[in-house]
Structures are given as structure tokens and as C-alpha cells.
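Everything below concerns the one structure shown next.
As a basis for the values below, the full set of heavy atoms in this structure was taken, side chains included, without hydrogen atoms, waters or symmetry mates. In each ligand, atom 1 is the first atom listed, and ligand 1 is the first ligand listed.
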Amino acid sequence: MTAPRTVHLVPHTHWDREWYQPFQRFRIGLVDLVDRVLDLAEADPAFAFTFDGQTAAIEDYLEVRPEAEARVRRLTERGQLALGPWRILADEFLVSGETLVRNLESGWRRAEALGGVMPVGYLPDEFGHAAQLPQLLRRAGIGHAVVWRGVPAAIGHHAFEWVAPDGSSVRAEYLAAGYGNALPLLALPERLADRVEAFDELMRPFFGADEPLGMYGSDHTEPLPSLVELVAAVNGAQDRWRLRIETLGAYVAGLPPDAGGLPRWRGELRSGARANLLPGVVSARVELKAACARAERLLERYAEPLQALWGGAWPGRFLDLAWAKVVESSGHDSVTGCGVDAVADQVRARLAEAEQIAAALRDRAAAAVAAQVPHGSTAVLNPSPQPRSGLVELDLPVPGDWAAVDLELPGGARLPTQETGRGSDVVMARTLPGADLPGLLRRCLHGRELFGALVDGYAVLASEDGARRLQITVGARPDPAALDVGELHLAVAAAVAAAPEAAWELRVEAAPKRRLLADVPVPALGWTSVRPVPAGPAGGREAVRAGERWLDNGLVRVQVAGDGTLRIAGGGVELAGAGRLVDGGDAGDLYDYGPPAEDELVGTPESVAVACAERGPLRGRLEVARAYSWPAGLRGDLAGRAAERVEAATSTLVEVRAGEPFARLTVAVDNRATDHRLRLHVPLARAADRSFAEGQFAVTERGRRAEGGHGEVPLPTYPARGFVAAGGVALLLDHVTEYELLDGELAVTLLRAVGQISRNANPYREEPAGPEAPTPGAQGLGWREFRLAVLPHAGAWEEAGVLAAAERYQHELVAAPGSGSGPAGGEQRGLEVDGEGVVLSSLRRRDGWLELRLACEHPAGAAATVTGPFGRARSADLLGRPGADLPADRGVLRLPLGPWEIATVQLA
Ligand SMILES: [Zn+2]
């Protein structure tokens with residue numbers, strides 16, 4: 001007699017929080033489901049249930065049933081429920097690395113509070129997996145991942161060693177047949193005994209002699225109420241199999257602790273070999289990707305660091321709220337855009353709230369700095385951990401007789417400015433009967449606000465010859481701080497009462513203002529102050545020059561060709577034809593691009609107009625207007641594009657700034673067509689068959705082929721977050737963007753307009769990926785805007801300063817008007833991080849410490865140095881748990897980082 005073979009059965013539900021239904025509709029079903037799961041678990045200690053690797057479902061449940069918290073905790077402590085470790089099952093490529101960390105951090109914290117966390121990197125449904133996930137898990141103390149989509153054909157076993165770019169690894173359990181592989185086993189409960197053998201046969205190619213894992217559950221499903229009895233009956237009736245009901249955590253706890261001897265895979269998992277990868281979500285609803293990046297950047301690089309260094313009391317609860325909004329939005333059916341329009345609306349609203357909180361906290365920190373800077377001066381803050389300069393655009397009151405303006409730095413050095421506009425100083429001038437004046441004031445003057453400005457002073461003038469005038473001066477900020485508006489009303493009433501028939505002139509004036517650009521140098525994560533002074537002799541700085549169709553700053557030169565494309569020269573290379581727009585049909589859906597069988601590509605504009613909008617010396621701008629004629633949509637048979645045409649107006653703002661080796665492009669498109677894909681093409685400087693895409697703590701190298709097999713046409717379209725580089729050109733990106741390396745070109749997707757979640761007849765995918773629900777909002781009609789910058793360079797990306805350029809491109813300085821009373825401005829350094837390829841991911845206050853997270857995004861590693869106002873340093877893990885002390889010598893911490901290493905340190 002041989003011992004019975006154990007079959008592990010993990011009851012669970014895969015809880016897509018929002019998808020083809022919005023969150024609140026799905027949740028009503030969730031509450032029923034969890035009610036029953038808790039009843040089942042309490043009724044029988046043999047019952048176990050795994051909450052999908054995310055705490056979102058249990059938190060959403062407890063929001064409705066707060067009284068059930070003690071039940072949940074008891075069952076979790078007993079090991080019958082497995083919670084966490086994530087807050088949500090996020091898309092790993094469409095968010096920042098830091099968002100993945102905060103997701104894990106909040107899920108871990110919540111699960112611990114509810115009785116314990118399942119320490120398994122369960123990632124059942126994500127559309128591929130980012131390269132650094134093994135390192136993130138390892139640094140959080142998690143040794144196991146469980147994955148499905150994206151695993152390549154090379155992995156033919158149920159377990160493998162998944163290695164991150166830094167060399168750290170986890171043992172990965174591969175759900176070769178998905179997270180619902182045991183559903184058929186129980187589809188006909190009365191035949192359970194027969195089906196075990198078939199199940200084992202099906203899984204044997206992957207498990208061999210190992211005990212098979214059956215994931216019993218799928219999207220929004222709940223286990224059979226009779227599960228425990230059924231399993232007991234089968235186990236009692238035969239000796240070949242032993243079905244064991246357990247949590248995924250219990251299954252993993254029985255596995256070897258490491259991945260010794262298993263097949264190895266290094267880097268990201270983006271194969272379509274045995275499951276759909278659904279890569280088209282990267283370009284679906286691009287505006288959600290942009291909104292997510294805005295919120296993340298404001299939180300990670302402005303609100304938290306500036307509050308940590310320059311704010312007052314740590315606004316922890318506000319930051320938690322904002323992060324919760326971002327993390328909730330990061331779900332694999334949320335930011336991906338593959339839900340119904342109502343879901344996209346809610347994702348947009350959540351991200352907007354996160355952005356609003358973060359922007360307000362940034363502004364508050366900037367205002368705290370500006371309180372140290374006198375009125376009339378401006379505080380300028382640098383979000384980068386290196387000293388750098390950047391353009392700021394200020395509206396400053398300037399006496400009318402100054403020919404030109406310089407900005408003076410605290411040390412007396414002067415910065416030239418470029419005037420980009422002047423404000424009219426007379427806001428209103430009219431004559432009216434005196435009797436009407438008090439009423440007009442009552443209507444227009446709200447407290448101190450008048451015509452959108454603030455009253456700074458007034459004079460009631462009544463001359464001997466009978467001329468009467470009320471003169472009011474206004475400004476953007478209260479100056480003086482207090483002003484009695486009641487007195488103004490009384491003074492006017494009294495003056496008018498003396499001569500009610502007389503005509504009065506009402507004159508509202510603002511101090512004359514100029515809109516000025518300056519390139520201001522600011523210490524690392526610190527601030528400086530500038531004040532306007534009459535311009536001295538022109539300095540000798542490298543300046544921007546411009547013509548009707550060209551811009552040149554000495555580092556990069558842009559020339560507009562007759563067809564509206566750009567010749568961009570810099571870094572010793574030249575790119576001809578950059579910015580070509582190519583529009584083609586898309587008969588696919590939110591998950592997968594699928595061109596119609598007879599596609600028509602439109603790449604030639606009907607008209608081109610070029611105008612120079614700014615001519616330097618600090619910023620040059622060209623406006624390139626191109627109009628196209630696009631097919632209005634698809635033909636009725638979906639096999640080609642429609643004969644009917646629509647006009648597509650586009651505008652490309654080309655910008656070159658002093659001192660920057662790249663050209664900034666803002667492309668706006670008036671989209672009136674449906675079911676199509678619009679891409680922007682940039683030529684390479686030299687042939688290339690490899691691309692390098694930044695995102696989630698790594699720069700991932702990819703070839704020009706993608707692996708398929710399961711039923712999708714394998715497309716080599718990929719996500720990039722910070723930049724994508726190939727063949728001597730780097731595209732600096734504003735948000736996660738889909739790109740493809742073509743013959744001699746990089747193409748990025750500006751818009752993929754489709755009208756269904758999933759289309760059964762998708763020409764590029766065999767099986768449906770969801771319901772055929774209409775998504776008219778995903779057609780992206782109306783004006784769409786897309787930003788990126790083109791950096792031509794010689795050599796490899798890591799030798800060409802691409803990361804530093806991206807840092808500069810993505811992080812504008814912050815300016816705030818001085819509100820202090822002191823005589824002089826000042827300048828202060830915050831925290832400085834030195835080291836080629838070292839990227840700042842997070843800087844915040846935590847338990848009285850300043851916690852800093854850096855990533856080395858360089859293939860050779862880096863010798864990082866952190867300098868700042870601290871005397872102690874210690875390492876910490878990814879979840880912020882402190883580790884060993886580090887030598888911090890008088891505010892200097894030397895931190896050698898291996899290639900692609902993520903380091904978290906705490907400073908005090
Ligand atoms: Zn899912």
C-alpha cells in the first residue's frame with residue numbers, strides 16, 4: 001500500500017473590486033459572500049478561506065459590517081482565514097515602485113491588525129509581473145510569490161526561483177492553470193471523487209511527484225456550503241487521495257523555505273505562453289495613467305519630502321488618505337482602464353483627490369519656507385536631491401520704468417529673466433452717479449475680494465473743483481495683512497452723502513506686473529530666494545535662440561521640416577523626422593490592440609502651420625499645427641476603417657529651455673474618430689534591436705519579439721514609466737506609456753480609442769478577456785494632451801545622463817511668494833544624495849525618524865552619499881522595520897549600492 005497522495009485545496013475568491021460593475025455594486029455581493037464565509041468557518045474548524053492576497057475585500061466588508069471585526073480577527077488568528085499581504089491586487093507596471101511599496105505596507109498593517117498577515121506574495125491575476133517584485137518581497141521579509149500570467153514557456157514546473165535584477169530572489173509558485181484550476185473539480189460535487197484523478201493528471205506535468213495545489217475559487221465566486229462534508233466523504237471513501245482544505249499561507253508554509261534546485265527566471269514576467277497577458281491595458285484610457293503619475297509624483301516627490309524637511313507637524317493622516325486613494329486606484333481593473341466607464345470615472349475622482357491633498361501639502365510646505373522670505377521676494381524650492389537649477393515663471397510687481405528685470409539671489413548674484421507677459425494695471429475705470437457707488441461696492445466687494453484680487457488700499461478723493469474719485473489698489477495677496485473693509489464702505493457712504501448728485505470716478509488698479517522666467521539654482525531638496533531688481537548688463541549664459549522654424553540652446557537644436565516633423569540634433573547625433581503622428585484602426589478592446597484586417601494608416605498631414613511663440617533667451621517655443629483626415633471609425637464588418645472622414649486638428653508645442661539637452665513636446669489632438677490607435681514616432685540615431693525602459697525601480701532591457709502561445713498575437717508593445725531609450729534616443733516620459741521598438745524608430749501610443757471592455761471577435765486574441773460591455777468613454781473623444789521630451793544622445797543610456805535628464809524633466813521647481821517681514825531672503829540645503837544612477841523614491845517622517853528610500857538604477861552599482869542634518873542612521877526593511885545602525889559621520893552617510901538595489905534608511 002502506498003501512502004495516499006495529498007491534494008491541497010485552497011478555497012478563495014478572486015475579488016475584482018471594480019471592473020464590469022462599479023465598486024459599490026460589486027460590494028453588495030461581497031458582503032453576502034463574506035457573511036457566509038464567516039458562518040462556514042465558525043461552523044467548522046476544518047474550513048479555511050484565503051482572501052485573495054489583498055485586504056481590500058475584508059476592509060470593504062468591515063466598512064459595512066464593523067461589528068464583524070472580532071469574528072474576522074478570531075478566525076484569522078486561528079488560521080482559518082488568510083489576509084493580505086497587499087492592500088490591493090495592483091497592476092505592477094502602471095504605477096510607481098513606491099506605490100507598490102505603500103500597497104504592501106498598508107495591506108500588511110491592516111492584516112496584522114485583523115489577526116495576522118499571510119506572508120505570501122500572492123499575485124494571481126496581474127497582467128504580467130515587474131522585474132523587481134522578488135526584491136520588494138524579499139526586502140519585506142517575504143520568501144514566496146504565487147503567480148500566473150506572464151510566466152514564460154521556459155518554466156515548465158509548478159515552482160521556480162524568481163530572481164530580481166539585483167540578484168535577490170523568491171520561491172515562486174506557478175499557477176500554470178490559473179487561480180481557478182480546482183473549480184472544475186467541484187463543479188459537479190457528486191462526482192468529486194472521479195474528478196480528483198483527472199485533476200491530478202492535468203496538473204502532473206507541472207507537479208510531477210510534488211503534491212498538487214488546487215485553487216478552488218474564481219472571480220467573485222464563493223465556496224460550496226457543503227465543501228467540508230464533501231471532502232470528508234471523499235477522503236473517507238478511498239485511500240488514493242487525501243484532499244486537504246487549507247489557506248494558501250498554510251500550503252506555502254509546508255514548502256521548502258528556499259528555491260534551491262528549481263528552474264530560475266531573472267527579471268520581469270511578460271509572456272503570453274500559457275495565459276493571456278492583456279498588454280493593451282497599457283494604452284487604454286491613457287488619461288488614467290497620466291492622473292496616476294501626477295498623484296504619485298506629487299505625493300512621493302513633493303508633499304512628503306517637502307513636508308518632512310520644511311513643514312510643521314507631520315500631516316500623516318492626510319498622507320495616509322491620499323496614498324489610500326492612489327493604492328485603491330492601482331487595482332488591476334482600475335488604473336488599467338479595463339472596466340466600464342463608471343469605474344474609470346471613480347478612478348479619476350480618487351486620483352484627483354490624492355492629487356489635491358498632495359498639492360495642498362506641497363503648497364503648505366512651500367508657504368512655510370516662504371514665511372522666512374520677505375514680501376516682494378520669492379522662495380524657490382528644489383524637489384531633487386541634487387543641487388540644480390530650473391525655470392520658474394513668476395508674476396511679479398515691477399515698477400513701470402524698469403527696462404528689464406534681473407532676479408537677485410541671496411548672495412547678490414543676478415539671474416537674467418525672460419519676460420513672457422505683462423499684466424494690465426488698470427482693472428476697472430468707470431464714472432457713475434455717486435448715489436450708485438455704495439450699491440456697486442456692495443455687489444462687487446466680498447470681504448476684501450474685488451474682481452478676483454484683494455484690496456490692498458484705497459483713497460476717497462474729493463477735490464475743490466468738484467472732481468470726485470474712489471481709487472482702490474488691489475493685489476494677488478493681502479498686503480498689508482489686515483485691512484478694514486468696513487471703514488472703506490463707511491468712508492464712501494459718508495463722501496457720497498455729502499454730494500449725492502455728483503459724478504464719481506471708480507478706479508481699480510493693480511500694481512504693474514510682469515510675468516518673468518528665470519533659471520534659478522537651488523540647493524538639494526532645499527530652497528533659495530530671489531528678488532526682482534533692475535537688470536544690469538546682460539550675462540554670458542548659454543541662451544536659447546529661435547527662428548520662425550527652429551530653436552537652439554547650444555545643447556540641442558530643433559528644426560521643423562515641411563511636413564511638421566522635427567529634426568532634433570544634440571549629444572553628437574541627429575534625429576530626422578521626429579514627432580511623426582501615425583493613426584491606424586483598432587478593432588480590439590481595452591485588453592488587446594487588434595488592427596482590422598484591412599487597416600489604413602494615416603501619417604501625412606493635410607496642412608502644416610508653424611509659428612514661433614517664444615524666442616528665448618531662457619525658453620524658446622514653436623507651435624506646430626498639423627491637421628489630418630482620419631477615418632471616422634470602423635466599417636460595419638470591423639474588417640476595415642470607415643470611408644467617412646473626420647478632421648483631426650493637432651498642435652505640437654516644441655519647447656527648448658536653457659541648459660537642457662532635450663526638446664520638450666506637448667502634443668494636443670482633437671480626437672473625433674473612434675476605434676483607432678494614434679502613435680508618435682521618433683527615429684533612432686542608429687539601428688537597435690534592444691530597448692531600455694524605466695519603471696518600478698528598474699530599467700528593463702527588452703528585445704523586439706514577445707512570447708505568445710496561449711491565444712494572443714504576441715505584440716512587442718511594452719510599458720515604460722520614467723523613460724524609454726534605444727539606439728541613441730531617449731524619450732523622457734510624463735507617465736506610464738506604451739512603446740514599441742520598430743525598425744529604426746520608437747513609437748509611443750498617444751491614444752488607443754476602443755469602445756468595449758472585451759470584444760469576442762478581437763482579431764488579436766482567441767478567447768474573451770471579460771464581458772462585451774460598451775465603454776464609450778474609452779474612445780477618448782475631444783481634446784487629448786500628451787507630454788514627453790526627446791533626448792538625443794551618443795553611447796548607452798546609462799552613460800548619457802538619461803536619468804538625470806528625466807529627473808529634471810519630470811520635476812519642476814516650486815515657487816512661493818515671500819510672506820515674511822525680515823529684510824533678507826536666505827538659502828538652505830535639505831538633504832543631498834550623490835551617486836550616478838541613484839534615484840529618490842521616498843522621503844518621509846516615520847516615528848521621529850526621516851526615512852529615505854533610494855534605488856540604484858544603474859547596471860554597475862553606485863557609491864551613494866547622503867548628506868544632511870542628521871547624526872544617526874540605521875537601515876530599515878521595506879516595511880520600515882529598523883535594522884542595523886549605519887555609520888553616519890557628522891551628517892554624511894556613505895551607502896554603497898549594488899546594481900538595481902533598493903535601500904531604505906532611517907536618519908535622525
Ligand atoms: Zn482580476
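For His710, the side-chain hydrogen bond (donor to acceptor under 3.5 Å, both in side chains) criterion is met by Glu767, not counting sequence neighbours. Partners of Glu694 under the side-chain hydrogen bond (donor to acceptor under 3.5 Å, both in side chains) rule, at least two apart in sequence or in another chain, do not exist in this structure. Glu353 pairs by the side-chain hydrogen bond (donor to acceptor under 3.5 Å, both in side chains) definition with nothing, not counting sequence neighbours.
In terms of heavy-atom proximity, Leu136 sits nearest to Val101 at CD2-CG2, 4.1 Å.
Sorted by chain and number, the protein atoms of type N, O or S within less than 2.8 Å of the Zn ion (ligand 1) are His14 NE2, Asp16 OD1, Asp125 OD2, His332 NE2.
At least one donor-acceptor pair closer than 3.5 Å links the side chain of Asp52 to the backbone N or O of Trp15.
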For His14 and Tyr122: C-alpha separation, side-chain torsions, deciding distance, then whether ring pair (Phe, Tyr, Trp, His ring centres under 6.0 Å) applies. CA-CA 11 Å; His14 175 56; Tyr122 183 53; 8.1 Å; no
